[in-house]
Visitor: 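Structure provided below as structure tokens; questions to follow.
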Amino acid sequence: MYKVSEFSKMTGLSKETLRYYAEIKLLEPVFIDPNNKYRYYDNGSYLVARLLVHLRRFNFTIQEMLTVVNDESFENLEQILWKKRQGLVDQVQELEKLIEEMDDFFEFGMEDTEDD
């Protein structure tokens, strides 16, 4: 079992994030010492924590992460990831279109100032 400070270093999640994740029942310690209130995590917690790090990196919301973690079989994980990926692809396309519109605007604006 790992204390919070050790687990934080292993996973890359801050102590504050671990505390918050425990509070919202996203990643709870496997054991809390009744005497000193130290929280402990195990190897299974490590796997979930690493998954959460990736999900955060993939711009998952807390609610989306809860959906993934609450599906203990992770049966729907691939489908959820593909859906999230498609959302990101759509965002990229929208941003590219917006950049194109901005470029057209600048080009149009530059033509107006050259005629003066």
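Quick caveat: nothing in here was measured; it's all calculated off a predicted structure.
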Visitor: Out of Lys3, Glu28, Arg19, which residue meets the side-chain contact (heavy atoms from CB on, under 4.5 Å) rule with Arg39?
Guide: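 Considering Lys3, Glu28, Arg19, a side-chain contact (heavy atoms from CB on, under 4.5 Å) with Arg39 is found only for Arg19.
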Visitor: What are the two closest heavy atoms between Leu81 and Phe58, and how far apart are they?
Guide: CD2-CD1, 3.9 Å
Visitor: Report, as yes or no, whether the 6.0 Å neighbourhood of atom CD on Glu78 holds more than 12 heavy atoms from other residues, nucleotides or ligands.
Guide: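 Atom CD in Glu78 is not packed in, count stays at 12 or less.
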Visitor: Side chains of Val30 and Met1: does their closest heavy-atom pair fall under 4.5 Å?
Guide: yes
Visitor: For a 4.5 angstrom cut-off between non-hydrogen side-chain atoms, does Arg50 reach His54?
Guide: yes
Visitor: What are the two closest non-hydrogen atoms of Ile62 and Tyr21, and how far apart are they?
Guide: CD1-CE1, 4.1 Å
Visitor: Determine the minimum heavy-atom distance between Val53 and Thr11, stating which atoms define it.
Guide: CG2-O, 3.5 Å
Visitor: If you round to the nearest 0.5 Å, how far is CG of Asp90 from CD of Glu94?
Guide: 7.0 Å
Visitor: Would Tyr38 end up clustered with Phe7 when hydrophobic side chains under 4.5 Å apart are linked, directly or stepwise?
Guide: no
Visitor: How long is the span from the CD atom in Glu100 to the CG atom in Leu98, to the nearest 0.5 Å?
Guide: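 Those atoms lie 10.5 Å apart.
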Visitor: Give the minimum heavy-atom separation between Asn76 and Asp71, together with the two atoms involved.
Guide: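 So the minimum-distance heavy-atom pair works out to N-OD2, 3.1 Å.
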Visitor: More than 12 heavy atoms of other residues, nucleotides or ligands under 6.0 Å from CZ of Phe31: is that the case?
Guide: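 Yes, because the 6.0 Å sphere around CZ of Phe31 holds more than 12 heavy atoms from other groups.
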Visitor: Can you name the closest pair of heavy atoms from Lys84 and Asn59 and give their distance?
Guide: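 For Lys84 versus Asn59, the nearest heavy atoms are NZ-O, 2.9 Å.
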Visitor: Answer whether the closest heavy-atom distance between the side chains of Leu27 and Tyr41 falls below 4.5 Å.
Guide: yes
Visitor: When clusters are formed by joining ILVMFWY residues with side-chain heavy atoms under 4.5 Å apart, either directly or through shared neighbours, do Tyr40 and Val4 land in the same one?
Guide: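 In one cluster: no.
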Visitor: Determine, step by step, whether Leu52 and Arg56 satisfy the side-chain contact (heavy atoms from CB on, under 4.5 Å) criterion, reporting the C-alpha distance in whole Å, the side-chain angles of both residues, the deciding distance to 0.1 Å, and the verdict.
Guide: CA-CA 6 Å; Leu52 293 174; Arg56 264 185 24 186; 5.9 Å; no
Visitor: Are the side chains of Leu51 and Leu77 in contact, using a 4.5 Å heavy-atom criterion?
Guide: yes
Visitor: Other hydrophobic cluster members with Ile99, side-chain heavy atoms of Ile/Leu/Val/Met/Phe/Trp/Tyr under 4.5 Å, chained?
Guide: none
Visitor: Using a 4.5 Å cut-off on heavy atoms from C-beta on, say whether the side chain of Gln91 contacts that of Leu88.
Guide: yes
Visitor: Would you name the heavy atoms of Leu13 and Ser8 that are closest together and state the gap between them?
Guide: O-OG, 2.6 Å
